[in-house]
*Asks:* 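My structure is below; once you've seen it, I'll send some questions.
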Amino acid sequence: LESPNHPLDDLEVPKLKSRVREWIGIHSDITERKRSERALRESETKLRGLVEAQKRFVSDASHEFRAPLTAIQGNLELVQRYPTMSVSDRNEALSEAEKEAIRLGRLVNDLLALAKGDSGAAIPTDEFALKPVLLEVWKEVQKFSNKHHFELGTLEDLDLVGSRDRMKQLVLILLENAIKYSPAGGYIGMSITKRSGMDADEPAQLELRIWDNGIGISSEDLPHVFERFYRADQSRTRDGDPSGTGLGLPIALRICELHGGKMHLESELGRGTCAVVRLPYLDLAD
């Protein structure tokens, strides 16, 4: 069925036309805001990392202090509690207490050295010849170790800007480590040479090498040797000596960095270790 026509069906309705007459908007450059947000996120991440590192450091330091203090207290209490103990037992207890006291003193000194490095304070700088410093330390370490063979490599007359005392400390740490982790009869070596840059833009450097043919470092331990308080298995030491604080290499690295240099270890388990220190070269002839 067809519906009847509506009266309005035949009415023509005009078609409306529309067009955009004007756009209204806002343009804003947010590049700097995004950079600030990214910098803030990075800063927060870094801060969290520093807080966690500080927590670990405090925890590790507390543990390191507790061990020698407990040993000292225990041995002194033993001597006091048993006045009739044999002379040999008494001397052994006192000797152990003295040993731990020396270890505690070394730990305090190492922590103070790290604190000075972390403070950001500038080190005293001077221009000095490095070779005499190396020879001075070289002679010192031979006095307390007559069980090793010491052989000097090339020692060029090179100069450095920095702290003579700090550099002496760095070399002493590396040589003591070489002795500590080498068996009796092992070889300890040292050299200092000028290392040319790989290209014209790279400055020349001093390269100090201190090596041994001792027991070496495993590939698992090598990435961690510059971490504070990190020590590999005590069986690595030639006498099972637990007197180290685990702060020697971190201190050496910090001294190197304060002089604008870099340091790394080359080592293979069972074949020895070589500490490589690279420092900015100073040509006083210029």
Side-chain angles (χ1 to χ4, degrees), residues 51-119 137 139-148 165-166 168-186 188 212 214-215 217-218 221 224-255:
V51 170
E52 290 301 319
Q54 185 182 38
K55 288 180 179 179
R56 290 194 301 270
F57 179 77
V58 171
S59 176
D60 291 342
S62 299
H63 173 75
E64 294 295 330
F65 275 114
R66 188 180 300 114
L69 285 172
T70 301
I72 293 171
Q73 183 179 3
N75 281 286
L76 293 179
E77 287 180 353
L78 188 66
V79 171
Q80 187 176 25
R81 183 177 300 178
Y82 301 100
T84 59
M85 66 191 308
S86 66
V87 175
S88 61
D89 288 342
R90 177 184 293 270
N91 289 340
E92 183 180 353
L94 292 176
S95 177
E96 184 67 22
E98 181 185 21
K99 174 184 174 182
E100 292 299 325
I102 293 173
R103 177 186 172 191
L104 185 61
R106 186 185 299 118
L107 176 60
V108 171
N109 289 333
D110 286 351
L111 286 172
L112 288 174
L114 278 176
K116 289 180 181 179
D118 291 343
S119 67
V137 182
K139 292 178 181 178
E140 286 183 12
V141 297
Q142 292 184 68
K143 293 178 181 179
F144 59 80
S145 178
N146 56 6
K147 299 179 180 179
H148 295 83
D165 290 339
R166 291 290 186 92
K168 181 177 178 180
Q169 182 183 13
L170 181 151
V171 177
L172 184 59
I173 289 172
L174 298 180
L175 283 174
E176 286 182 340
N177 267 9
I179 293 171
K180 183 176 181 180
Y181 295 107
S182 296
I188 312 296
D212 62 75
I215 52 184
I217 305 171
S218 70
D221 290 323
H224 305 287
V225 292
F226 293 110
E227 296 177 8
R228 297 177 181 186
F229 295 113
Y230 183 84
R231 286 194 296 268
D233 189 343
Q234 294 295 346
S235 62
R236 290 184 60 242
T237 61
R238 57 186 172 91
D239 298 318
D241 178 21
S243 61
T245 63
L247 296 175
L249 284 177
I251 292 173
L253 177 62
R254 189 63 183 135
I255 293 173

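Values in this document were obtained by computation on a predicted structure and should not be read as measured data. Just so you know, residue 1 is the first one in the sequence shown, and it goes up from there.
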*Asks:* Could you tell me which non-hydrogen atom of Ile173 sits nearest to which non-hydrogen atom of Ile251, and how far apart they are?
*Replies:*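 Reported closest heavy-atom pair: CD1-CG2, 3.8 Å.
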*Asks:* Whether the side chain of Arg90 engages the backbone of Pro83 through a donor-acceptor N/O pair (distance < 3.5 Å, no angle test) should be reported.
*Replies:* yes
*Asks:* Closest heavy-atom contact between Pro183 and Gly214?
*Replies:* CD-CA, 3.9 Å
*Asks:* Pick out which of Leu174, Ile179, Leu172 makes a side-chain contact (heavy atoms from CB on, under 4.5 Å) with Glu176.
*Replies:* Leu172
*Asks:* What's the separation between atom CG in Asp221 and atom CD in Glu227, rounded to the nearest 0.5 Å?
*Replies:*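 CD of Glu227 is found 10.0 Å from CG of Asp221.
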*Asks:* Could you tell me which non-hydrogen atom of Ala93 sits nearest to which non-hydrogen atom of Val79, and how far apart they are?
*Replies:* CB-CG2, 3.8 Å
*Asks:* Does Glu96 have any side chain to side chain donor-acceptor pair (under 3.5 Å) partners at least two apart in sequence or in another chain, and if so, which?
*Replies:*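 Per chain and number, Glu96 pairs via side chain to side chain donor-acceptor pair (under 3.5 Å) with no residue.
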*Asks:* At their closest point, which heavy atom of Leu76 faces which heavy atom of Ala97, and how far apart are they?
*Replies:* CD2-CB, 4.4 Å
*Asks:* Listed by chain and number, what are the side-chain contact (heavy atoms from CB on, under 4.5 Å) partners of Asp89, not counting sequence neighbours?
*Replies:* Met85, Ser86, Glu92
*Asks:* Under the rule for side-chain contact (heavy atoms from CB on, under 4.5 Å), what residues qualify as partners of Glu98, not counting sequence neighbours?
*Replies:*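 Listed in chain order: Ile102.
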*Asks:* Between atom CD1 of Ile72 and atom CG of Leu104, what is the distance when rounded to the nearest 0.5 Å?
*Replies:*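 Between atom CD1 of Ile72 and atom CG of Leu104 there are 5.5 Å.
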*Asks:* CG/Leu247 to CG/Leu253 distance, rounded to the nearest 0.5 angstrom?
*Replies:*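 That separation rounds to 12.5 Å.
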*Asks:* Between Ser182 and Ala178, is there a donor-acceptor pair closer than 3.5 Å when you use the side chain of the first and the backbone of the second?
*Replies:* yes
*Asks:* Looking only at atom types and distance, does a side-chain atom of His148 sit under 3.5 Å from a main-chain N or O of Ile188, one as donor and one as acceptor?
*Replies:* no
